[in-house]
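Notes for the one structure printed next.
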Amino acid sequence: MTSSSEHTGNASTAAGTHGTTPAKIPPLVSDLPFRYGAHLAGDIERRWQQTWSERGTFNAPNPHGPLSDGFDQVAGRPVFFVMDMFPYPSGSGLHVGHPLGYIGTDVFARYLRMTGYHVLHPFGYDAFGLPAEQYAINTGQHPRVTTEANIDNMRRQLGRLGLGHDTRREVATTDVEYYRWTQWIFLKIFNSWYDDEAGRARPISELIADFEAGTRAPRGDANPHNRPWSALRTTERRQIVAGYRLAFISEQLVNWCPGLGTVLANEEVTAEGRSDVGNYPVFRRPLRQWMMRITSYADRLIADLDLVDWPDSIKQMQRNWIGPSDGATVEFTAVGSDIRIEVFTTRPDTLAGATFMVLAPEHPLVDTLTAQAWPQGTPIAWTFADGIDREAGPGTGASGNRPAPEWTPRAAVNAYREYAAHLGDRQRGTDEIPRTGVFTGSYVTNPVTGDPIAVFLADYVLMGYGTGAIMAVPAHDQRDFSFARTLGLPIPAVLAPDEDWRAEHNVPAGAEPNTWPVAFAGDGEYLPATGVGPPLVGLSKPDAIKSTIRWLEDVGAGRAARSYRLRDWLFSRQRYWGEPFPIVFDDDGLPIALSEDLLPVTLPEMTDFRPSAMADDDVNDPVPPLARVADWATVTLDLGEGPKTYRRETNTMPQWAGSCWYYLRYLDPTNSERFVDPEVERYWMHTPDGPPGDGGVGLYVGGVEHAVLHLLYARFWHKVLYDLGLVSTREPFKKLFNQGYIQADAFTDGRGMYVPAAEVVRTAEGTLRHNGEPVNRRSGKMGKSLKNSVSPDEIYDSFGADTLRVYEMAMGPLDADRPWHTDDIVGSHRFLQRLWRNIIDEATGGAVVSDVTPDAEATRMLHRTILAVRADYTDLRFNTAVARLIELTNFVSKRYGASGGLPRELAEALVLMVAPLAPHIAEELWARLGHDGSLAMHPFPEADDSLAVDPTVTLPVQVNGKVRFTVDVPVDADEQAVRDLVAGHDEYARHTADRTVKRMIVIPGRIVNIALN
RNA sequence: GCGGGAGUGGCGGAAUGGCAGACGCAGCAGACUUAGGAUCUGCCGCCUUCGGGCGUGGGGGUUCAAGUCCCCCCUCCCGCACCA
């Protein structure tokens, strides 16, 4: 799961005295052998990491099966599954921004263990896909080699952070034993169909059984043969069934990226029409590709967002991405033939104003509809709308504005389709986009008015949305309006604009719509209409829509419909480094699923695995690298009909496939019989008290960049698995949390190129320079492209991993972006140093604690801190937890620093509370305080509410809302006692002299406010 | 344009409607020091005639009391964007 979106900008965030990246900070040295510094921290951290590893401290036993050793000791505990979005093993290693979320989940998981939970916290690597393959190509190595090396490096860097993962469960999506199950799940999806009536996926065998039994007939659009099932040939039947599968091959207009040599999903293409990976141009072209029918789940993907505890912003992004809109389909019949064209509209109420129709250039009926000759009186403008190259096209004619005789509708349509296919970048713009299009020479009949209306092709109608055709109502839709203006089409009004709109656009009442500056898209009064449509005058918009839909259904010209922005998921890639499909083809070209016992289909070794280079305008079908492995691409198998030669599918699965289900494999990573044991799955994924089907990963932390990619795909797969009874919860991730990004100053030179931030120096005059040249500072997400990365290794060496952990948690709320300042880390280091010095004699290394009972104030401080820190950890507010712990540490060092050491009770509570944040130093202190073993499972300190309260409280006294003085009152003083005390105070007399006291408000334990006139 | 989020000291950030600025960095003063980028102590929003006044993007409002709730506006960030 790779992020490639860098967000830069906001140069002002880093203004001020901070910001320059300092030279490397040498480790702090000291004569005292047991002073807590980088050296000692490194020593402590190495030892404890080794101890945890040897003892398997963070191994979480399963209820049964191979990983169940030690389950008896945790049986009966509440269960919690904490998970990070696994990384793609980048070649450039980690920077300090990467582990932010990993530290967060580790702190949380460690806290949960100390509060009695049985915690599963695994980790893994998302190692297939474009970024890994591009890296391998760039370095001239095999992706398996680079991937393994990168994983090793990341494991080492993360290992030094002391993350408490159950390392036995580590998975990489590229492991054969992992991707065999990815292929297995693909087969489950391939062998399923969506039963709209049941509202769920079902095995394809049940559909076939229905067809066989005659209890269900194939849908009309799935059965072009128009014969009953019993009369169909085997190939025809297979074709029909293929049209139902959730994974299917389809010729679609896809995003073709010659630069990467592969097609891409919509989600992988930027708004600028370029690839998310590599920023290459992307073109639309029709290709036969694997698709996944995610659109069948559109409603459930929206509805079930109500089941999960996710940030509202992410839920909203998913809703927007799925983008449901309600309306109707309306059928128009062609004039002079019985061809029927279906359009989708959200405004059936404006049907009477539809004066033309527009098809997407790729619409399948275009050829059929294109006329032989231009109808009499066709305006010249309709025959070559802007966009067709007049210089090159045959339509220019000698005079330059009159079509030549050979400029037929066919020629115009073909020229326009050619033009539309080569539109690269999506044009942006907020206002007017130049409208282009061409007349097909055909007319259809408006079912309400009975008028013939012209059918155009225009690129503003998209094949992928609705039906790929629209009825154009220029008076009430801005796009149709500007198209009508360009081509001189009529613009009759269905609704009268309201006064506000007329005033805003300076339109007099009753003005002709073709004098309006823009279309009126708002709500207004319906005008009396001619024709046979339903009466709408006086109705509200929703009622008019309902009324029209009822009318359409009555006359058989349409029905209510819902359309989605979401497209089906383009699931194949013409690349090497991905999961091979468990699919072969026979002579009739229909896909055949391999049986489960033929899994895994392993990726063949290739020395030249690069995608076939293709020019931007090459219209040949791309040849995937696997197609070049001849002895792999064809295979002889016995699939029940005796040994036959088959052609393998040579595309590979997209990067997202492996990440769609890895959370399930963590649960049972060594299972060779199943993708996950059902009992183990229920144990970890189930929410004990929730409704049936409720549950999911207890906490899932990752970046916001996956809001509509991974998180949508994974939910889709999970729902298919749920429908098939293979998992027990409706949603995969119960709670989602998005950690922020670490920002860092970046610097550009005079040419606007980034220069390495580490080499920028601040001169004596305060200007920033690189190699003597002045540079500009801006801020952006830390990363290679901005040349502002800081490696965690540098920080480990200068301060230790515990300091880095505390710093990253203290910087701010976990979900907020925050700027990295190496200068600030020293504060976190000082905190740990002070904690250490409070307990350890820096000369001898021995613990110095006393057996005295903490005094009342210290006890109060301790119990208040326990209360606050527990709440902070529970709610992932680690920044305020750190602040509380620093406060307590500072307090006890002042109170007990000069005496014979901290009271043991205080020291131990402090160590235990710090442990989730800074586990190595905490373990070391715990050991030096005389304890055997790890504190990882030691109960977290409990607060006693009664000890946390102060017997007297200082109440602020406000006069007219401003604090003027304070009074000390017993904590249990009643309101009257407080009143008397305040009224008798000297300051009271001073502030109320010459004034009338209107009221005195006493909020016991909180505040007093005196309201004067 | 549509949808979402955020504006608090020099900086990062705290504040169930109840003392705005916890905690950290930076800064200032002092102690200990050959030394300090170590440690310790204190100060640290702005203005001030030292009474106090002003302060959470701007303007209104509700309230005894508003960073917090309501209305209007401004700026910035993120997502989507010809989706009929």
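Just so it is clear, the structure is predicted and the values come from calculations on it, not from any experiment. Order of the sequence lines fixes the chain letters, A, B, ..., with proteins taken first and strands second; residue numbering starts at 1 for each chain.
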- Message: Need to verify one output field. Residue with the more 5' nearest nucleotide on RNA chain B, Leu955(A) or Gly827(A)?
- Response: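 Nearest nucleotide further toward 5': that of Leu955(A).
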
- Item | Gly812(A) or Ser828(A), whichever maps to the more 5' nucleotide of RNA chain B |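 Mapping each residue to its closest nucleotide by heavy atoms, the 5'-most match is Gly812(A).
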
Any side-chain N or O of [X] under 4.0 Å from OP1/OP2 of [N]?
X          : N      : result
Arg990(A)  : G52(B) : yes
Asn879(A)  : A14(B) : yes
Arg834(A)  : C40(B) : yes
Gln958(A)  : C19(B) : no
Arg999(A)  : C64(B) : yes
Arg1006(A) : C64(B) : no
Arg830(A)  : C25(B) : yes
Arg837(A)  : C40(B) : yes

Using purine N1 to pyrimidine N3 plus N6-O4 or O6-N4 for Watson-Crick, or N1-O2 and O6-N3 for G-U wobble, each under 3.5 Å, what pairs with [N]?
N      : result
U34(B) : none
A6(B)  : U75(B)
C28(B) : G42(B)
G51(B) : none
U62(B) : none
G1(B)  : C80(B)

Nearest 0.5 angstrom please: [X] [atom1] to [Y] [atom2], how far?
X         : Y         : atom1 : atom2 : result
Tyr988(A) : Arg979(A) : OH    : CZ    : 9.5 Å
Gln958(A) : Thr966(A) : CD    : OG1   : 12.5 Å
His706(A) : Leu736(A) : NE2   : CG    : 11.0 Å

Classify the side chain of [X] versus the base of [N] as yes if they form a donor-acceptor pair under 3.5 Å and no if they do not.
X         : N      : result
Arg884(A) : C23(B) : no
Arg35(A)  : U39(B) : no
Asp824(A) : C25(B) : no

Students often get this wrong, so: under 4.0 angstrom with heavy atoms, is [X] touching a base, only sugar-phosphate, or nothing?
X         : result
Ser325(A) : sugar-phosphate
Asn890(A) : sugar-phosphate
Lys998(A) : nothing
Val461(A) : base
Arg567(A) : base

Output yes when [X] and [Y] qualify as a salt bridge under the 4.0 Å nitrogen-oxygen rule, no when they do not.
X         : Y         : value
Arg559(A) : Glu342(A) : yes
Arg562(A) : Asp299(A) : yes
Asp477(A) : Arg347(A) : no

Of the listed nucleotides [options], the one nearest the side chain of [X]:
X         : options                : value
Val826(A) : A84(B), G3(B), C25(B)  : C25(B)
Asp459(A) : C25(B), C82(B), A22(B) : C82(B)
Arg565(A) : A22(B), A81(B), A84(B) : A81(B)
Lys894(A) : G42(B), G79(B), C19(B) : G42(B)

- Distance, C1' atom - from A66(B) to C2(B), rounded to whole angstrom: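 Result for the C1' pair: 32 Å, nearest Å.
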
